[in-house]
Protein chains: 2
Amino acid sequence: MPPSKPSTTNATTAPVDEGAVRGLMGYNVKRAYIVLHSAAQQAAAAFDLRIPTFSCLSVIVRNPGITPSALAELLKIERSNLVVMVDELETRELVSRTQMKTDRRRFELKATVRGRRLHDKAAEAIAAAEAACLTALQDDEQQLLLALLNRIEGSMAD
Amino acid sequence: MPPSKPSTTNATTAPVDEGAVRGLMGYNVKRAYIVLHSAAQQAAAAFDLRIPTFSCLSVIVRNPGITPSALAELLKIERSNLVVMVDELETRELVSRTQMKTDRRRFELKATVRGRRLHDKAAEAIAAAEAACLTALQDDEQQLLLALLNRIEGSMAD
DNA sequence: AATAATAGTTATTGACCATAACTACTTTTG
DNA sequence: CAAAAGTAGTTATGGTCAATAACTATTATT
């Protein structure tokens with residue numbers, strides 16, 4: 001990293017040096033994440049969903065009968081934290097939770113028709129909100145970005 | 001996105017469909033962020049620093065005399081939340097906080113020698129921890145990733 | 001049958017972010 | 001100049017999200 005020596009004194013007026021942090025990949029990833037997340041959050045709020053709750057619903061829609069444990073593992077959230085989300089989804093009748101006959105410890109999660117409808121609308125709105133944040137990148141650049149991000153995640157997989 | 005129709009039933013065994021979320025850039029950014037952040041966090045913890053606190057220290061080191069307000073604006077954190085971090089840095093004698101003569105509402109923040117030393121060591125450790133997460137990417141790919149991320153952030157600047 | 005492991009739950013904690021309300025001080029402006 | 005408005009820092013508080021420990025019920029192991 002370029003040393004960019006500190007100025008001897010800095011009264012708010014001068015251009016501010018972001019210091020070592022801007023050189024860190026994690027900082028830059030976080031800043032981009034905040035942009036995308038707040039846009040997605042706002043879009044999801046229109047459906048009374050928070051992002052983690054939407055993620056749960058989305059996976060349940062695509063995987064009827066998935067168990068809470070499998071869902072938690074996939075989304076990398078703690079089962080204990082999942083409970084309250086599924087509770088809410090069930091209360092709102094977006095998801096059904098039925099005990100399995102073969103193993104009564106387990107539950108099958110399925111989206112209701114209402115759940116599927118809400119999911120589809122929310123997914124569209126969130127995707128649109130994201131797209132508005134990504135206009136600075138061409139389609140192929142977005143694909144490239146995605147691939148690079150996934151290689152970071154993939155290289156650290158358990 | 002490819003529709004990838006839901007299977008009629010899915011008992012944990014089958015490959016799980018991540019649903020709409022994997023198609024969202026924000027989700028992918030977050031997953032990569034978690035990898036980088038937890039590595040950085042662990043490295044920072046060895047110096048009894050959390051990442052936001054380290055970021056504050058880092059900017060103060062590079063900008064002697066910066067005010068809390070300018071610091072908060074740069075790091076995009078609330079002034080109210082900054083107070084506790086600066087409190088801690090001051091208590092640990094890593095940073096000094098002196099009232100300005102010209103405007104007694106403002107304070108000048110400066111890193112102490114101890115603060116600079118700790119910062120330099122922590123910055124090195126954090127950078128090393130990050131590098132270990134980025135071995136899957138060549139140097140030029142890392143630069144590309146950084147540029148793409150910054151274009152997202154930049155396009156949404158106030 | 002006793003023990004261990006698994007699935008789900010509850011309660012609690014901590015990190016982090018955001019807001020409102022406040023004090024002290026400075027700048028604006030009538 | 002005095003009143004009003006704005007700025008800097010602070011305090012208190014609440015919300016979201018993540019992580020842990022301890023618990024119950026059920027199934028698998030030996």
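Below, chain A is the first sequence line, B the second, and so on; all start at residue 1. Just so it is clear, the structure is predicted and the values come from calculations on it, not from any experiment.
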Salt-bridge criterion met for B/E108 and B/K101 (N-O under 4.0 Å): no
Which pairs would a plain distance check flag for residues 123-139 of chain B, meaning a side-chain donor or acceptor within less than 3.5 Å of a matching protein atom at least two apart in sequence or in another chain?
residue, atom, partner, partner atom, Å
B/E130, OE1, A/M25, N, 2.8
B/E130, OE2, A/G26, N, 2.5

Sequence neighbours excluded, which residues qualify as side chain to side chain contact (heavy atoms under 4.5 Å, CB included) partners of [X]?
{"X": "A/N150", "value": "A/L146, A/E153, B/R22, B/N28"}
{"X": "B/V84", "value": "none"}
{"X": "B/R117", "value": "B/V113"}

Of the nucleotides D/dG9, C/dT10, C/dA7, which has the atom closest to the A/R106 side chain? C/dA7
In whole angstroms, how far is the [atom2] atom of [N] from the [atom1] atom of [X]?
{"X": "A/E108", "N": "C/dG8", "atom1": "CD", "atom2": "P", "result": "11 Å"}
{"X": "B/L82", "N": "D/dA12", "atom1": "CG", "atom2": "C1'", "result": "17 Å"}
{"X": "A/L71", "N": "C/dT6", "atom1": "CG", "atom2": "C1'", "result": "17 Å"}

Ring pair (Phe, Tyr, Trp, His ring centres under 6.0 Å) against B/F54, all qualifying residues, sequence neighbours excluded: B/H119
Protein heavy-atom contacts under 4.0 Å, written 5' to 3' over nucleotides 16-26 of chain C as B (base), S (sugar-phosphate only) or - (none), form the string SBBBB----BS
